[in-house]
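The block underneath contains the structure these notes are about, expressed in structure tokens.
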Amino acid sequence: ADATAQRTTLGLGTIATAAAPTGTVVGTSDTQTLTNKTVFGKLSGTSDQGTTKTITVTVASKTSAHPNSGGSSNAYFLDGIEAPFLNLAQGTYKFDQADSSNGSHPLRFYLDDAKGTAFTTGVTTNGTAGSAGAYTQIVVDDTTPFTLSYQCSSHGYMGSYVHVGG
């Protein structure tokens, strides 16, 4: 039987076909510049259960590459990258805020980027941002929400989003 007859018999109705993509299609041998920084998938090596991955946090002026132009004129830079979208697998992540540029910019986790609800489960803070030994640590496990935001508790929209799940 032909395809039309089979669709009718199964009651599937009309099957639409998608048009071929337009624009530039990047192949596996092409090199492109990454402009939307979904970096870290594994933060240079997944934090394995029982180990801690340390991310160095600094603060500097926002650039046009920041995912949110509103709020503070400053941005978090994680391991030198401006406000990257984080994709974290289960494990422990320590956000080292000892650099003096972090002064008055304590990093915290929230359920949304507007900081409507703080997320504190599995989150530990130590010291004062900008001082030796200061950090915010999060233990990501199967109870951690799939989406979080990391932001400054004192200023708006310095950070970006976290996707949990690897």
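Since this is a predicted model, take the numbers as computed values, not measurements.
- In this structure, Leu148 and Leu111 have side chains that are in contact, with non-hydrogen atoms separated by less than 4.5 Å.
- Of all heavy-atom pairs between Met158 and Cys152, the closest is SD-CB, 3.4 Å.
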Margin query: The test is side chain to side chain contact (heavy atoms under 4.5 Å, CB included); show your working for Tyr76 and Ser160 and say whether it passes.
Written below: CA-CA 9 Å; Tyr76 283 125; Ser160 188; over 6 Å; no

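- Side-chain atoms of Pro106 and Ser153, non-hydrogen and from C-beta on, do get closer than 4.5 Å to each other.
- Hydrophobic cluster membership is shared by Val164 and Ile138, with clusters built from Ile, Leu, Val, Met, Phe, Trp and Tyr side chains linked at under 4.5 angstrom.
- At distances below 3.5 Å, at least one donor-acceptor pair connects side-chain atoms of Asp79 with backbone N or O atoms of Thr56.
- Just one residue in the list Asn102, Ile55, Thr128 forms a side-chain contact (heavy atoms from CB on, under 4.5 Å) with Gln97, and that residue is Asn102.
- Within the 4.5 Å cutoff, the side chain of Thr136 has heavy atoms near those of the Val123 side chain.
- Counting heavy atoms from C-beta outward, Asn74 and Ser61 have side chains that approach closer than 4.5 Å.
- Contacts of Val139 classified as side-chain contact (heavy atoms from CB on, under 4.5 Å), with partners at least two apart in sequence or in another chain: Thr92.
- For Lys115 (side chain) and Tyr110 (main-chain N/O), no donor-acceptor pair under 3.5 Å exists by modelled atom type.
- Considering only heavy atoms from C-beta on, Pro84 comes within 4.5 Å of Tyr150 through its side chain.
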Next item on the list: May I have the step-by-step check of side chain to side chain contact (heavy atoms under 4.5 Å, CB included) for Phe77 and Glu82, ending in yes or no?
Entry: CA-CA 4 Å; Phe77 286 74; Glu82 183 178 11; 3.3 Å; yes

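- When every heavy atom of Ala134 is checked against every heavy atom of Gly130, the shortest pair comes out as CB-N, 4.4 Å.
- Between Ser104 and His155, the closest heavy-atom pair is O-CE1, 3.2 Å.
- Linking ILVMFWY residues whenever their side-chain heavy atoms come closer than 4.5 Å, directly or via other members, places Leu107 and Val140 in the same cluster.
- Going from atom NZ of Lys62 over to atom CG of Asn68 covers 5.5 Å, rounded to the nearest 0.5 Å.
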Checklist line | CA sep, side-chain torsions, deciding dist, call: Thr144, Phe119, side chain to side chain contact (heavy atoms under 4.5 Å, CB included) | finding: CA-CA 9 Å; Thr144 306; Phe119 178 75; 4.3 Å; yes

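- Under the 6.0 Å cut-off for aromatic ring centres, Phe109 and Tyr93 do not qualify, their centroids lying 6.0 Å or more apart.
- Side-chain contact, Tyr161 with Asp113: a donor N or O sits under 3.5 Å from an acceptor N or O.
- Between Phe85 and Pro67, the closest side-chain pair of non-hydrogen atoms is not below 4.5 Å.
- Considering only heavy atoms from C-beta on, Arg108 comes within 4.5 Å of Thr125 through its side chain.
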